[in-house]
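Remember, it's a predicted structure, so these values are computed and weren't measured experimentally. No hydrogens, no waters, no symmetry mates; every other heavy atom, side chains included, goes into these values. We're numbering straight along the sequence, starting at 1.
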Amino acid sequence: MIYFIVNPKAASGKALKIWHSLERMLRERHADYQVFMTEHRSHASELAGTLAHLSADAERDEKHKRCGAEDIVAVLGGDGTLNEVVQGMPADFPIPIAYIPAGSGNDFSRGMGLPADFREALNHILKTERTVRMLDCGTAVFRGSDDRQSMTRRFVVSSGAGYDAAVCTRLFHSKLKKLCNMLRIGKLSYVGVGAAQILAHRRGSGKLCLDDGRVIPLDKLSFLSAHILPYEGGGFCFAPEADPEDGMLTFCVVSDISRLRFAVALIQTMIGIGGTPAGMSWYQCRGGEVILNRELPVHADGEVYGDVRRIRFSCEHRKIPFIC
């Protein structure tokens with residue numbers, strides 16, 4: 001059985017049209033499937049938790065198996081929908097996940113080298129012989145000015161503070177993103193909002209304390225991101241060495257440069273030319289803590305969670321079963 005979790009509003013409704021096409025393909029091939037449509041934010045997390053309970057019930061009662069070892073959870077939506085599914089997974093989630101990209105950025109599928117075309121993606125899922133890889137999962141613990149309050153979020157692409165989170169925040173409320181999605185040029189919404197945020201984003205200072213003992217000073221920090229996969233923001237390669245199976249996070253730090261040089265660095269990461277961008281540094285470690293002198297906006301896989309001053313990043317090694 002393939003359990004589809006579909007976000008019908010992803011890419012301004014594009015995902016729902018994709019689902020109608022996929023459902024015709026599934027019926028033609030007599031596939032055994034069930035679909036769950038998300039109705040509100042965090043609904044995909046609730047659905048993932050429900051499927052996990054079904055799997056646990058199946059293991060206890062093989063005679064009435066409802067969801068078990070041969071089943072798949074297929075996510076149709078954007079990186080945010082996939083992130084919600086991961087949020088709702090228990091620690092021992094037994095069902096492998098598959099992904100059909102239907103969002104604006106699609107950085108997970110880009111980083112994993114998955115088919116961009118939804119038909120190819122479905123054919124890949126329907127193969128008789130499937131390869132299941134155990135992928136790393138990042139964890140971010142966000143703390144504001146009051147250290148007594150915290151929020152923990154998982155991520156499978158990246159999580160960060162500063163410029164990239166400011167862009168995600170603006171996109172969440174942006175009419176430009178909806179227009180670009182309708183015109184099937186969703187990536188341009190990232191470029192448009194990103195260009196405006198070069199001048200508008202707040203910068204801070206502080207330090208990054210890595211688990212191996214290194215302390216990285218952060219002066220005039222534009223942004224800091226922790227990566228499982230290389231891309232974020234609709235195709236910006238901020239962490240080219242990131243590997244989803246090595247048990248390590250790749251930290252990308254951009255600090256102590258002018259806003260003009262920052263703009264040049266962004267262009268370099270977007271088009272992949274010009275050597276190492278000025279002011280951009282990378283560090284690999286199993287985890288680390290960011291301590292800032294002021295609150296900056298944060299995100300996990302493009303989902304925004306307000307402003308914080310401290311972040312604790314860590315990597316759960318080979319935690320998620322994924323069909324590749």
Task: Atom pair NE2 (His227) and SG (Cys237), whose distance is rounded to the nearest 0.5 Å - done: 8.5 Å

Ignoring hydrogens and angles, write down the donor-acceptor pairs under 3.5 Å from the side chains of residues 274-285, residues two or more places apart or on other chains.
unit_1 : atom_1 : unit_2 : atom_2 : d
Trp282 : NE1    : Phe238 : O      : 2.6
Gln284 : NE2    : Thr250 : OG1    : 3.0

Task: Those residues that, when tested against Arg153, pass salt bridge (charged side-chain N to carboxylate O under 4.0 Å, His left out) (two or more places apart) - done: none

Task: Pairwise side-chain contact, Ile5 with Val85, heavy-atom cut-off 4.5 Å (strictly under) - done: yes

Task: Those residues that, when tested against Ala15, pass side chain to side chain contact (heavy atoms under 4.5 Å, CB included) (two or more places apart) - done: Ala10, Ala102

TODO: Starting at NZ of Lys9, measure out to CD of Glu39 and round the result to the nearest 0.5 Å.
DONE: 9.0 Å

- [ ] Quick one: pull up CE in Met151 and CD in Gln149 and give me the separation to the nearest 0.5 Å.
- [x] 9.5 Å

Open item on the list: Check this for me: does any side-chain nitrogen of one of Arg202 and Asp307 sit under 4.0 Å from a carboxylate oxygen of the other?
Closed with: yes

Open item on the list: Count I, L, V, M, F, W, Y as connected when their side-chain heavy atoms are under 4.5 Å apart, and connections chain through other members. Are Val156 and Val73 then in the same cluster?
Closed with: yes

TODO: State, to 0.1 Å, how close Ala44 and Thr81 come at their nearest heavy-atom pair, and which atoms those are.
DONE: CB-O, 4.1 Å

TODO: Check whether any side-chain heavy atom of Ile323 lies under 4.5 Å from a side-chain heavy atom of Thr131, and answer yes or no.
DONE: no

TODO: Could you give me the CA-CA distance, side-chain angles and deciding distance for Asn7 and Leu76, then say whether side chain to side chain contact (heavy atoms under 4.5 Å, CB included) is met?
DONE: CA-CA 6 Å; Asn7 178 1; Leu76 172 59; over 6 Å; no

- [ ] Give the minimum heavy-atom separation between Ser104 and Ala11, together with the two atoms involved.
- [x] OG-CA, 4.5 Å

Task: Ile125 CD1 to Arg130 CZ distance, which is reported to the nearest 0.5 Å - done: 8.5 Å

TODO: Locate the shortest heavy-atom distance separating Gly234 from Arg110; write the atom from each residue and the value.
DONE: C-NH1, 3.6 Å

Task: Salt bridge flag under 4.0 Å for residues Arg312 and Asp211 - done: yes

Open item on the list: Restricting to non-hydrogen atoms, name the atom on Ala116 and the atom on Pro101 that form the minimum distance, rounded to 0.1 Å.
Closed with: O-CG, 4.1 Å

Task: Pairing residues for Phe322 by the ring pair (Phe, Tyr, Trp, His ring centres under 6.0 Å) criterion, not counting sequence neighbours - done: Phe108

Task: Contact check, side chains of Met112 and Leu229, non-hydrogen atoms, under 4.5 Å - done: yes

- [ ] With sequence neighbours left out, write down each residue that passes salt bridge (charged side-chain N to carboxylate O under 4.0 Å, His left out) with Asp212, or none if nothing qualifies.
- [x] Arg214

- [ ] Could you pull out all residues at least two apart from Arg309 that satisfy salt bridge (charged side-chain N to carboxylate O under 4.0 Å, His left out)?
- [x] none

Open item on the list: Working to the nearest 0.5 angstrom, can you tell me the gap between His299 NE2 and Asn83 CG?
Closed with: 10.5 Å

Task: Side chains of Glu84 and Ser42, donor plus acceptor under 3.5 Å - done: no

TODO: Under the side chain to side chain contact (heavy atoms under 4.5 Å, CB included) rule, collect the residues that match up with Val308, sequence neighbours excluded.
DONE: Phe142, Val298, Ile311

Open item on the list: My understanding is that only residues two or more places apart in sequence, or in another chain, count here; which of them pass side chain to side chain contact (heavy atoms under 4.5 Å, CB included) with Ala226?
Closed with: Phe155, Leu249, Phe251, Phe313

Task: Set of residues satisfying salt bridge (charged side-chain N to carboxylate O under 4.0 Å, His left out) with respect to Arg41, sequence neighbours excluded - done: Glu303

Open item on the list: Any heavy-atom pair between the side chains of Met134 and His317 that's under 4.5 Å?
Closed with: no

Open item on the list: Quick check: do Asp71 and Ile2 have side-chain heavy atoms less than 4.5 Å from each other?
Closed with: no

Task: From Leu292 atom CG to Arg143 atom CZ, the distance as rounded to the nearest 0.5 Å - done: 14.0 Å

TODO: Take Asp136 and Lys319 through the test side chain to side chain contact (heavy atoms under 4.5 Å, CB included) and record every step on the way to the result.
DONE: CA-CA 5 Å; Asp136 295 344; Lys319 197 69 175 179; over 6 Å; no

- [ ] Indicate yes or no: at least one non-hydrogen side-chain atom of Ile320 is less than 4.5 angstrom from one of Ile97.
- [x] yes

Task: Donor-acceptor pair, side chain of Asp301 and main chain of Ser158, under 3.5 angstrom - done: yes

- [ ] Indicate yes or no: at least one non-hydrogen side-chain atom of Asp107 is less than 4.5 angstrom from one of Phe236.
- [x] no

Open item on the list: Same cluster or not: Leu221 versus Ile291, using hydrophobic residues (I, L, V, M, F, W, Y) connected whenever any side-chain heavy atoms lie under 4.5 Å apart?
Closed with: no

What side-chain donor-acceptor pairs closer than 3.5 Å can you find for residues 253-263, not counting sequence neighbours?
unit_1 : atom_1 : unit_2 : atom_2 : d
Ser258 : OG     : Arg261 : N      : 3.1
Arg259 : NH1    : Ile198 : O      : 2.9
Arg259 : NH1    : Leu199 : O      : 3.3
Arg259 : NH1    : His201 : O      : 3.1
Arg259 : NH1    : His201 : ND1    : 3.3
Arg259 : NH2    : His201 : O      : 3.1

Task: Residues in side chain to side chain contact (heavy atoms under 4.5 Å, CB included) contact with Leu16, at least two apart in sequence or another chain - done: Pro8, His20, Met37

Task: Flag side-chain contact, heavy atom, 4.5 Å: Cys315 against Ile228 - done: yes

Task: Any donor-acceptor N/O pair, Arg286 side chain to Ser314 backbone, under 3.5 Å - done: no

For residues 26-34, run the donor-acceptor check on the side chains, cut-off 3.5 Å, and write out each pair with its distance to 0.1 Å, sequence neighbours left out.
unit_1 : atom_1 : unit_2 : atom_2 : d
Arg29  : NH1    : Asn123 : OD1    : 2.5
Tyr33  : OH     : Glu23  : OE2    : 2.9

Open item on the list: In this structure, would Val167 and Val264 fall into the same cluster of hydrophobic residues linked by side-chain contacts under 4.5 Å?
Closed with: no

Task: Any donor-acceptor pair under 3.5 Å from Thr152 side chain to Val141 backbone - done: no

Open item on the list: Main chain of Met89, side chain of Arg154: is a donor-acceptor contact present, judged purely on distance under 3.5 Å?
Closed with: yes

Open item on the list: Is there a side-chain hydrogen bond (donor to acceptor under 3.5 Å, both in side chains) between His40 and Thr38? Walk through the geometry before answering.
Closed with: CA-CA 6 Å; His40 51 78; Thr38 63; over 6 Å; no

- [ ] Examine distances only and state if a side-chain atom of Tyr163 and a backbone atom of Gly194 form a donor-acceptor pair shorter than 3.5 Å.
- [x] yes

Open item on the list: Less than 3.5 Å apart, any donor N or O on the side chain of His43 or Ser45 sitting next to an acceptor on the other?
Closed with: no

TODO: List the steps, then state whether side chain to side chain contact (heavy atoms under 4.5 Å, CB included) holds for Arg318 with Leu135.
DONE: CA-CA 4 Å; Arg318 296 188 177 179; Leu135 303 184; over 6 Å; no

Task: Asn106 (side chain) donor-acceptor with Ser109 (main chain) under 3.5 angstrom - done: no

- [ ] Over all heavy atoms of both residues, which pair between Cys168 and Val304 is shortest? Give the atoms and the distance, please.
- [x] CB-CG1, 3.5 Å

- [ ] Please check if the distance between the ring centroids of Trp19 and Phe118 is under 6.0 Å.
- [x] no

- [ ] For Pro297 and Thr169, work out which heavy atoms get closest and say how close.
- [x] CB-OG1, 4.4 Å

